[in-house]
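These figures come from a predicted structure and were not determined experimentally. We use all heavy atoms of the structure for the numbers below, so side chains are in, but hydrogens, waters and symmetry mates are not.
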Amino acid sequence: MAVFAYTAVDRSGKKMSGMIPADTRTSAIDQLAAKQLFPVNVQEQADGKPAHGGGKSLLASFGHKRVSPNEVESFTRELANLLAAGVNLSRSLHLLRREAASPAAKEQWNEIHDDVVGGMSLADSMSKFPRSFSKVYIAMVRAGEAGGFLDVVLNQIAEFRVREKDLTGKVKAAMVYPAVLAFIACGVLVFLLTYFIPKFSVMFDEFHGHLPALTQGIIFASDMVKRYGIFLAIAVVFGVVGLKRAIASEGGRRTLEKSTLSTPVLGKVVAHFALVRFSRMLGTLVGAGVPLVASLRVAREAIGNQTLADTVSHAIEEVQRGAPLSRSLAASKQLFPPSVVEMIAVAEETGRLDKELLRLSASYELELDRRLRMLVALAEPALLFIMAGLIGTVVVGMLLPVFALQDLIK
(Lines give C-alpha, C1' and ligand atoms only; values in the text may rest on other atoms or scores of the structure.)
Protein backbone atom coordinates (compact mmCIF):
# COMPACT_ATOMS: atom_id res chain seq x y z
CA MET A 1 0.00 0.00 0.00
CA ALA A 2 1.32 3.43 -0.99
CA VAL A 3 1.38 6.58 1.11
CA PHE A 4 0.07 9.89 -0.25
CA ALA A 5 0.85 13.40 0.95
CA TYR A 6 -2.17 15.67 0.72
CA THR A 7 -3.17 19.27 1.07
CA ALA A 8 -6.89 19.88 1.62
CA VAL A 9 -9.41 22.33 3.06
CA ASP A 10 -12.31 21.57 5.37
CA ARG A 11 -15.85 22.97 5.24
CA SER A 12 -14.77 26.09 7.16
CA GLY A 13 -12.05 26.80 4.60
CA LYS A 14 -9.18 25.86 6.91
CA LYS A 15 -6.18 24.48 5.05
CA MET A 16 -4.47 21.34 6.35
CA SER A 17 -1.96 18.77 5.13
CA GLY A 18 -0.83 15.30 6.10
CA MET A 19 -0.19 11.72 4.96
CA ILE A 20 -2.73 9.06 4.13
CA PRO A 21 -2.23 5.37 3.16
CA ALA A 22 -4.13 4.16 0.11
CA ASP A 23 -3.83 1.74 -2.79
CA THR A 24 -4.32 4.43 -5.42
CA ARG A 25 -4.51 8.21 -5.67
CA THR A 26 -8.23 7.93 -6.34
CA SER A 27 -8.69 5.90 -3.18
CA ALA A 28 -6.79 8.57 -1.22
CA ILE A 29 -9.10 11.27 -2.61
CA ASP A 30 -12.16 9.18 -1.70
CA GLN A 31 -10.87 8.84 1.90
CA LEU A 32 -10.42 12.60 2.13
CA ALA A 33 -13.92 13.16 0.77
CA ALA A 34 -15.30 10.74 3.39
CA LYS A 35 -13.69 12.95 6.06
CA GLN A 36 -15.44 15.97 4.49
CA LEU A 37 -12.13 17.36 3.27
CA PHE A 38 -11.72 18.93 -0.16
CA PRO A 39 -8.36 17.91 -1.67
CA VAL A 40 -6.18 20.59 -3.25
CA ASN A 41 -3.14 18.43 -3.99
CA VAL A 42 -2.55 14.69 -3.54
CA GLN A 43 0.83 13.14 -4.39
CA GLU A 44 2.24 9.68 -3.89
CA GLN A 45 5.27 9.36 -1.62
CA ALA A 46 8.25 7.06 -2.16
CA ASP A 47 10.91 6.64 0.60
CA GLY A 48 9.81 9.83 2.22
CA LYS A 49 10.07 11.84 -1.01
CA PRO A 50 7.39 12.74 -3.51
CA ALA A 51 7.16 10.32 -6.40
CA HIS A 52 7.01 11.34 -10.04
CA GLY A 53 10.17 13.39 -10.22
CA GLY A 54 10.71 15.01 -6.84
CA GLY A 55 7.42 16.79 -6.32
CA LYS A 56 6.39 17.44 -9.89
CA SER A 57 2.69 17.29 -10.53
CA LEU A 58 1.29 14.43 -12.52
CA LEU A 59 0.42 16.90 -15.25
CA ALA A 60 4.07 17.88 -15.62
CA SER A 61 5.14 14.25 -15.77
CA PHE A 62 3.13 13.54 -18.91
CA GLY A 63 2.49 16.97 -20.37
CA HIS A 64 4.59 16.08 -23.41
CA LYS A 65 2.40 13.11 -24.35
CA ARG A 66 -0.18 13.71 -27.06
CA VAL A 67 -3.63 12.17 -27.26
CA SER A 68 -4.84 11.60 -30.82
CA PRO A 69 -7.92 13.46 -32.12
CA ASN A 70 -9.69 10.12 -32.64
CA GLU A 71 -9.22 9.27 -28.96
CA VAL A 72 -10.58 12.67 -27.92
CA GLU A 73 -13.56 12.18 -30.23
CA SER A 74 -14.22 8.72 -28.81
CA PHE A 75 -13.88 10.03 -25.25
CA THR A 76 -16.36 12.82 -25.97
CA ARG A 77 -18.99 10.56 -27.54
CA GLU A 78 -18.71 7.85 -24.87
CA LEU A 79 -18.88 10.40 -22.05
CA ALA A 80 -22.01 11.90 -23.65
CA ASN A 81 -23.62 8.44 -23.89
CA LEU A 82 -22.82 7.57 -20.27
CA LEU A 83 -24.19 10.86 -18.97
CA ALA A 84 -27.33 10.50 -21.11
CA ALA A 85 -27.81 7.02 -19.62
CA GLY A 86 -27.90 8.51 -16.12
CA VAL A 87 -24.35 7.62 -14.99
CA ASN A 88 -22.89 10.42 -12.87
CA LEU A 89 -19.86 12.35 -14.12
CA SER A 90 -17.24 10.92 -11.75
CA ARG A 91 -18.35 7.34 -12.44
CA SER A 92 -18.37 8.00 -16.19
CA LEU A 93 -14.84 9.39 -16.09
CA HIS A 94 -13.72 6.41 -14.01
CA LEU A 95 -15.08 3.99 -16.62
CA LEU A 96 -13.48 5.91 -19.48
CA ARG A 97 -10.03 6.07 -17.90
CA ARG A 98 -10.19 2.33 -17.27
CA GLU A 99 -11.06 1.66 -20.91
CA ALA A 100 -8.54 4.12 -22.39
CA ALA A 101 -6.76 2.72 -25.44
CA SER A 102 -3.35 4.36 -24.98
CA PRO A 103 -1.17 5.25 -21.96
CA ALA A 104 -1.29 8.96 -22.84
CA ALA A 105 -5.10 8.94 -22.96
CA LYS A 106 -5.31 6.89 -19.76
CA GLU A 107 -3.15 9.42 -17.91
CA GLN A 108 -5.10 12.41 -19.16
CA TRP A 109 -8.50 10.84 -18.41
CA ASN A 110 -7.16 9.85 -14.98
CA GLU A 111 -6.05 13.42 -14.27
CA ILE A 112 -9.43 14.79 -15.37
CA HIS A 113 -11.23 12.25 -13.19
CA ASP A 114 -9.17 13.14 -10.13
CA ASP A 115 -9.70 16.86 -10.71
CA VAL A 116 -13.47 16.45 -11.02
CA VAL A 117 -13.63 14.22 -7.92
CA GLY A 118 -11.58 16.87 -6.13
CA GLY A 119 -14.18 19.54 -6.86
CA MET A 120 -12.87 21.10 -10.08
CA SER A 121 -15.23 21.66 -12.99
CA LEU A 122 -14.85 19.46 -16.06
CA ALA A 123 -14.10 22.48 -18.27
CA ASP A 124 -11.37 23.76 -15.94
CA SER A 125 -9.74 20.34 -15.82
CA MET A 126 -9.86 19.97 -19.60
CA SER A 127 -8.26 23.40 -20.01
CA LYS A 128 -5.04 21.88 -18.64
CA PHE A 129 -4.72 19.97 -21.90
CA PRO A 130 -4.97 22.57 -24.70
CA ARG A 131 -3.45 20.13 -27.22
CA SER A 132 -6.38 17.76 -26.67
CA PHE A 133 -9.23 20.18 -26.00
CA SER A 134 -9.54 23.40 -27.98
CA LYS A 135 -10.87 26.68 -26.61
CA VAL A 136 -14.13 26.14 -28.45
CA TYR A 137 -14.46 22.64 -26.97
CA ILE A 138 -13.87 23.93 -23.43
CA ALA A 139 -16.25 26.85 -23.90
CA MET A 140 -19.01 24.47 -25.01
CA VAL A 141 -18.39 22.15 -22.05
CA ARG A 142 -18.48 25.13 -19.70
CA ALA A 143 -21.81 26.24 -21.18
CA GLY A 144 -23.18 22.69 -20.83
CA GLU A 145 -22.10 22.47 -17.19
CA ALA A 146 -23.66 25.84 -16.41
CA GLY A 147 -26.94 24.96 -18.14
CA GLY A 148 -27.22 21.40 -16.85
CA PHE A 149 -27.19 19.75 -20.28
CA LEU A 150 -23.60 18.53 -20.44
CA ASP A 151 -24.54 15.26 -22.14
CA VAL A 152 -26.32 17.12 -24.96
CA VAL A 153 -23.40 19.49 -25.49
CA LEU A 154 -20.84 16.67 -25.50
CA ASN A 155 -22.85 14.77 -28.09
CA GLN A 156 -23.06 17.93 -30.21
CA ILE A 157 -19.30 18.42 -29.87
CA ALA A 158 -18.70 14.87 -31.14
CA GLU A 159 -20.97 15.46 -34.14
CA PHE A 160 -19.35 18.83 -34.79
CA ARG A 161 -15.86 17.31 -34.72
CA VAL A 162 -16.86 14.61 -37.22
CA ARG A 163 -18.29 17.13 -39.69
CA GLU A 164 -15.37 19.49 -39.11
CA LYS A 165 -12.94 16.68 -39.86
CA ASP A 166 -14.79 15.88 -43.08
CA LEU A 167 -14.74 19.53 -44.13
CA THR A 168 -11.06 19.99 -43.31
CA GLY A 169 -10.30 16.75 -45.15
CA LYS A 170 -11.97 18.12 -48.28
CA VAL A 171 -9.81 21.25 -48.11
CA LYS A 172 -6.61 19.23 -47.66
CA ALA A 173 -7.54 16.79 -50.42
CA ALA A 174 -8.18 19.69 -52.76
CA MET A 175 -4.66 21.01 -52.17
CA VAL A 176 -2.82 17.71 -52.71
CA TYR A 177 -2.59 17.80 -56.51
CA PRO A 178 -1.52 21.47 -56.77
CA ALA A 179 1.11 20.86 -54.09
CA VAL A 180 2.46 17.83 -55.96
CA LEU A 181 2.66 19.86 -59.18
CA ALA A 182 4.53 22.66 -57.42
CA PHE A 183 6.98 20.18 -55.88
CA ILE A 184 7.66 18.52 -59.25
CA ALA A 185 8.19 21.90 -60.90
CA CYS A 186 10.75 22.91 -58.26
CA GLY A 187 12.53 19.55 -58.59
CA VAL A 188 12.75 19.76 -62.40
CA LEU A 189 13.99 23.35 -62.23
CA VAL A 190 16.72 22.46 -59.73
CA PHE A 191 17.76 19.51 -61.92
CA LEU A 192 18.06 21.74 -64.98
CA LEU A 193 20.07 24.38 -63.12
CA THR A 194 22.49 21.96 -61.48
CA TYR A 195 22.95 19.23 -64.12
CA PHE A 196 21.58 20.09 -67.56
CA ILE A 197 22.74 23.70 -67.92
CA PRO A 198 26.38 23.20 -66.76
CA LYS A 199 26.92 20.67 -69.61
CA PHE A 200 25.74 23.21 -72.16
CA SER A 201 27.85 25.92 -70.53
CA VAL A 202 31.03 23.89 -71.12
CA MET A 203 30.11 23.44 -74.78
CA PHE A 204 29.42 27.15 -75.24
CA ASP A 205 32.74 28.11 -73.63
CA GLU A 206 34.63 26.02 -76.19
CA PHE A 207 33.31 28.15 -79.06
CA HIS A 208 33.97 31.49 -77.32
CA GLY A 209 30.87 32.88 -78.96
CA HIS A 210 28.61 35.68 -77.84
CA LEU A 211 25.62 34.22 -76.00
CA PRO A 212 22.12 35.73 -75.90
CA ALA A 213 21.20 37.71 -72.78
CA LEU A 214 18.61 35.08 -71.76
CA THR A 215 21.20 32.31 -71.98
CA GLN A 216 23.72 34.34 -69.98
CA GLY A 217 21.14 34.96 -67.28
CA ILE A 218 20.26 31.26 -67.04
CA ILE A 219 23.94 30.26 -66.88
CA PHE A 220 24.52 32.86 -64.16
CA ALA A 221 21.58 31.45 -62.16
CA SER A 222 22.97 27.95 -62.61
CA ASP A 223 26.41 29.04 -61.35
CA MET A 224 24.83 30.70 -58.32
CA VAL A 225 22.89 27.55 -57.45
CA LYS A 226 25.98 25.33 -57.84
CA ARG A 227 28.32 27.59 -55.88
CA TYR A 228 25.99 28.93 -53.22
CA GLY A 229 23.22 26.32 -53.20
CA ILE A 230 23.69 25.46 -49.53
CA PHE A 231 23.58 29.12 -48.54
CA LEU A 232 20.50 29.69 -50.67
CA ALA A 233 18.82 26.70 -49.00
CA ILE A 234 19.68 28.09 -45.56
CA ALA A 235 18.35 31.49 -46.61
CA VAL A 236 15.09 29.85 -47.75
CA VAL A 237 14.77 28.02 -44.42
CA PHE A 238 15.34 31.22 -42.46
CA GLY A 239 12.89 33.01 -44.74
CA VAL A 240 10.21 30.38 -44.10
CA VAL A 241 10.83 30.50 -40.34
CA GLY A 242 10.70 34.31 -40.37
CA LEU A 243 7.48 34.25 -42.39
CA LYS A 244 5.90 31.78 -39.96
CA ARG A 245 6.85 33.99 -37.02
CA ALA A 246 5.47 37.04 -38.78
CA ILE A 247 2.21 35.23 -39.49
CA ALA A 248 2.06 34.05 -35.86
CA SER A 249 2.06 37.68 -34.70
CA GLU A 250 -1.21 39.58 -34.45
CA GLY A 251 -0.36 42.09 -37.16
CA GLY A 252 1.12 39.52 -39.54
CA ARG A 253 -1.86 37.19 -39.19
CA ARG A 254 -4.33 39.98 -39.88
CA THR A 255 -2.35 41.12 -42.92
CA LEU A 256 -2.35 37.58 -44.32
CA GLU A 257 -6.07 37.15 -43.61
CA LYS A 258 -6.96 40.43 -45.35
CA SER A 259 -4.79 39.52 -48.34
CA THR A 260 -6.41 36.09 -48.57
CA LEU A 261 -9.94 37.50 -48.30
CA SER A 262 -9.23 40.03 -51.05
CA THR A 263 -8.05 37.29 -53.45
CA PRO A 264 -10.88 36.83 -56.01
CA VAL A 265 -11.58 33.08 -55.82
CA LEU A 266 -9.70 32.08 -52.67
CA GLY A 267 -11.36 34.84 -50.62
CA LYS A 268 -14.82 33.40 -51.33
CA VAL A 269 -13.69 29.92 -50.31
CA VAL A 270 -12.25 31.19 -47.00
CA ALA A 271 -15.41 33.20 -46.26
CA HIS A 272 -17.64 30.19 -47.03
CA PHE A 273 -15.50 27.96 -44.83
CA ALA A 274 -15.86 30.45 -41.94
CA LEU A 275 -19.62 30.74 -42.51
CA VAL A 276 -20.07 26.95 -42.41
CA ARG A 277 -18.13 26.66 -39.14
CA PHE A 278 -19.92 29.63 -37.54
CA SER A 279 -23.43 28.53 -38.58
CA ARG A 280 -22.92 24.94 -37.48
CA MET A 281 -21.48 25.92 -34.09
CA LEU A 282 -24.13 28.58 -33.41
CA GLY A 283 -26.96 26.27 -34.47
CA THR A 284 -25.57 23.47 -32.31
CA LEU A 285 -25.32 25.67 -29.22
CA VAL A 286 -28.68 27.39 -29.63
CA GLY A 287 -30.31 24.01 -30.20
CA ALA A 288 -28.71 22.74 -26.99
CA GLY A 289 -30.26 25.60 -25.03
CA VAL A 290 -27.23 27.84 -24.59
CA PRO A 291 -28.18 31.56 -24.42
CA LEU A 292 -27.71 33.43 -27.70
CA VAL A 293 -24.96 35.80 -26.52
CA ALA A 294 -22.94 32.96 -24.98
CA SER A 295 -23.48 30.90 -28.14
CA LEU A 296 -22.26 33.77 -30.31
CA ARG A 297 -19.09 34.12 -28.25
CA VAL A 298 -18.26 30.43 -28.63
CA ALA A 299 -19.19 30.36 -32.33
CA ARG A 300 -16.96 33.37 -32.93
CA GLU A 301 -13.97 31.32 -31.77
CA ALA A 302 -14.88 28.58 -34.27
CA ILE A 303 -14.54 30.90 -37.28
CA GLY A 304 -10.75 30.52 -37.42
CA ASN A 305 -10.23 33.93 -39.06
CA GLN A 306 -9.66 36.88 -36.75
CA THR A 307 -10.60 39.46 -39.36
CA LEU A 308 -14.02 37.86 -39.84
CA ALA A 309 -14.34 37.16 -36.11
CA ASP A 310 -14.03 40.90 -35.41
CA THR A 311 -17.24 41.51 -37.34
CA VAL A 312 -19.01 38.96 -35.16
CA SER A 313 -17.69 40.75 -32.05
CA HIS A 314 -19.53 43.86 -33.24
CA ALA A 315 -22.66 41.77 -33.82
CA ILE A 316 -22.47 40.42 -30.25
CA GLU A 317 -22.42 43.96 -28.91
CA GLU A 318 -25.47 44.81 -31.00
CA VAL A 319 -27.35 41.73 -29.77
CA GLN A 320 -26.54 42.66 -26.16
CA ARG A 321 -28.14 46.07 -26.81
CA GLY A 322 -31.32 44.29 -27.93
CA ALA A 323 -30.88 44.31 -31.71
CA PRO A 324 -32.05 41.27 -33.71
CA LEU A 325 -29.33 38.82 -34.70
CA SER A 326 -30.01 39.20 -38.42
CA ARG A 327 -29.61 42.98 -38.34
CA SER A 328 -26.45 42.66 -36.24
CA LEU A 329 -24.86 40.25 -38.70
CA ALA A 330 -25.84 42.31 -41.76
CA ALA A 331 -22.86 44.66 -41.25
CA SER A 332 -20.44 41.94 -42.42
CA LYS A 333 -21.46 41.33 -46.03
CA GLN A 334 -18.27 39.38 -46.71
CA LEU A 335 -19.14 36.71 -44.13
CA PHE A 336 -22.94 37.00 -44.20
CA PRO A 337 -24.39 37.64 -47.69
CA PRO A 338 -27.80 39.41 -47.82
CA SER A 339 -29.56 36.12 -48.61
CA VAL A 340 -28.15 34.52 -45.45
CA VAL A 341 -29.16 37.53 -43.34
CA GLU A 342 -32.69 37.33 -44.74
CA MET A 343 -32.98 33.62 -43.94
CA ILE A 344 -31.74 34.20 -40.40
CA ALA A 345 -34.29 37.02 -39.99
CA VAL A 346 -37.14 34.70 -41.04
CA ALA A 347 -35.82 31.96 -38.74
CA GLU A 348 -35.79 34.38 -35.78
CA GLU A 349 -39.41 35.34 -36.45
CA THR A 350 -40.55 31.71 -36.66
CA GLY A 351 -38.46 30.46 -33.71
CA ARG A 352 -36.45 28.05 -35.86
CA LEU A 353 -33.06 29.73 -35.59
CA ASP A 354 -31.11 26.60 -34.58
CA LYS A 355 -32.61 24.43 -37.33
CA GLU A 356 -32.12 27.11 -39.98
CA LEU A 357 -28.49 27.66 -38.99
CA LEU A 358 -27.76 23.95 -39.25
CA ARG A 359 -29.54 23.82 -42.61
CA LEU A 360 -27.49 26.81 -43.77
CA SER A 361 -24.26 25.13 -42.71
CA ALA A 362 -25.15 21.97 -44.65
CA SER A 363 -26.19 23.97 -47.72
CA TYR A 364 -23.10 26.14 -47.73
CA GLU A 365 -20.89 23.11 -47.14
CA LEU A 366 -22.11 21.78 -50.49
CA GLU A 367 -21.43 25.20 -52.01
CA LEU A 368 -17.98 25.20 -50.43
CA ASP A 369 -17.27 21.77 -51.93
CA ARG A 370 -18.25 23.11 -55.36
CA ARG A 371 -16.02 26.17 -54.95
CA LEU A 372 -13.12 24.00 -53.83
CA ARG A 373 -13.50 21.88 -56.93
CA MET A 374 -13.54 25.01 -59.05
CA LEU A 375 -10.47 26.38 -57.26
CA VAL A 376 -8.57 23.16 -57.88
CA ALA A 377 -9.76 23.14 -61.49
CA LEU A 378 -8.29 26.64 -61.90
CA ALA A 379 -5.13 25.89 -59.91
CA GLU A 380 -4.15 22.84 -61.96
CA PRO A 381 -3.84 24.56 -65.37
CA ALA A 382 -2.37 27.66 -63.73
CA LEU A 383 0.39 25.63 -62.09
CA LEU A 384 0.95 23.64 -65.26
CA PHE A 385 1.25 26.88 -67.20
CA ILE A 386 3.73 28.33 -64.68
CA MET A 387 5.72 25.09 -64.59
CA ALA A 388 5.79 24.87 -68.40
CA GLY A 389 6.72 28.54 -68.61
CA LEU A 390 9.67 28.23 -66.22
CA ILE A 391 11.03 25.02 -67.70
CA GLY A 392 10.33 26.17 -71.27
CA THR A 393 12.18 29.43 -70.66
CA VAL A 394 15.23 27.52 -69.40
CA VAL A 395 15.18 25.09 -72.35
CA VAL A 396 14.68 27.80 -74.97
CA GLY A 397 17.37 29.92 -73.37
CA MET A 398 19.85 27.07 -73.65
CA LEU A 399 18.84 26.12 -77.19
CA LEU A 400 19.07 29.63 -78.65
CA PRO A 401 22.88 29.46 -79.00
CA VAL A 402 22.60 26.02 -80.62
CA PHE A 403 20.83 27.61 -83.58
CA ALA A 404 23.85 29.85 -84.05
CA LEU A 405 26.46 27.10 -83.65
CA GLN A 406 27.02 26.92 -87.40
CA ASP A 407 27.99 30.57 -87.50
CA LEU A 408 30.25 30.08 -84.43
CA ILE A 409 31.99 27.10 -86.08
CA LYS A 410 32.63 29.14 -89.27
Least distance between heavy atoms, Ala158 atom then Thr76 atom: N-CG2, 4.0 Å
Shortest non-hydrogen separation from Ala274 to Ile303 and the atoms involved: CB-CG2, 3.7 Å
Under 3.5 Å donor-acceptor, Ser125 side chain and Leu122 backbone: no
Donor on one side chain, acceptor on other, Asp124 and Ser121, under 3.5 Å: yes
Ile112 and Phe133, any side-chain heavy atoms less than 4.5 Å apart: yes
Atom pair OG/CD of Ser132 and Glu71 - distance to nearest 0.5 Å: 9.0 Å
Check: Leu308 main-chain N/O paired with Thr311 side-chain donor or acceptor under 3.5 Å: yes
Backbone of Arg97 reached by a side-chain donor or acceptor of Lys106 within 3.5 Å: yes
Salt-bridge present (Arg280, Glu365; N to O < 4.0 Å): yes
Pairing of Arg321 and Glu318 as salt bridge, 4.0 angstrom limit: yes
Donor-acceptor pair, side chain of His94 and main chain of Ser90, under 3.5 angstrom: no
Between CG on residue Leu93 and NE2 on residue His113, distance to nearest 0.5 Å: 6.5 Å
Nearest heavy-atom neighbours spanning Val190 and Thr194: O-OG1, 2.7 Å
Audit row: Gln320, Ile316, side chain to side chain contact (heavy atoms under 4.5 Å, CB included) steps and yes/no: CA-CA 6 Å; Gln320 287 179 310; Ile316 293 173; 4.2 Å; yes
Shortest non-hydrogen separation from Leu275 to Pro337 and the atoms involved: CD2-CD, 4.4 Å
Gap separating the CE atom of Met343 from the CD atom of Glu348, nearest 0.5 angstrom: 13.5 Å
Phe278 CZ to Leu282 CG distance, which is reported to the nearest 0.5 Å: 5.0 Å
Heavy-atom side-chain contact between Ser328 and Phe336 under 4.5 Å: no
Glu111 side chain reached by Phe129 side chain, heavy atoms, under 4.5 Å: yes
Ring geometry between Phe231 and Tyr228 (parallel below 30°, tilted from 30 to 60°, perpendicular above 60°): tilted
Flag if over 12 foreign heavy atoms under 6.0 Å of CD, Glu342: no
Residue pair Leu89 / Leu79: nearest heavy atoms and the distance that separates them: CD1-CD1, 4.1 Å
Heavy atoms from other residues, nucleotides or ligands near CD1 of Ile230 exceed 12 (cutoff 6.0 Å): no
Side-chain ion pair, Glu145 and Arg142, N-O less than 4.0 Å: no
Donor-acceptor contact present, side-chain Thr393 to main-chain Gly389, <3.5 Å: yes
Check: Ser92 side chain, Asn88 main-chain N or O, donor-acceptor pair, under 3.5 Å: yes
Ionic contact status for Asp354 with Arg359, cut-off 4.0 Å: no
Evaluation steps, side-chain hydrogen bond (donor to acceptor under 3.5 Å, both in side chains), between Asp310 and Ser313: CA-CA 5 Å; Asp310 290 341; Ser313 299; 4.7 Å; no
Working for side chain to side chain contact (heavy atoms under 4.5 Å, CB included), residues Leu390 and Val188: CA-CA 10 Å; Leu390 288 173; Val188 171; over 6 Å; no
Gap separating the CG atom of Leu296 from the CG atom of Leu285, nearest 0.5 angstrom: 9.5 Å
Side-chain donor or acceptor of Ser363 paired with backbone N/O of Leu360 under 3.5 Å: no
Option among Leu335, Val340, Ile344 that satisfies the side chain to side chain contact (heavy atoms under 4.5 Å, CB included) test with Leu329: Ile344
4.5 Å side-chain heavy-atom contact, Glu367 and Val276: no
Distance, nearest 0.5 Å, that separates CD1 of Ile157 from CD1 of Ile138: 10.0 Å
pair Leu154-Tyr137: side-chain heavy atoms closer than 4.5 Å: yes
Flag side-chain contact, heavy atom, 4.5 Å: Met387 against Leu384: yes
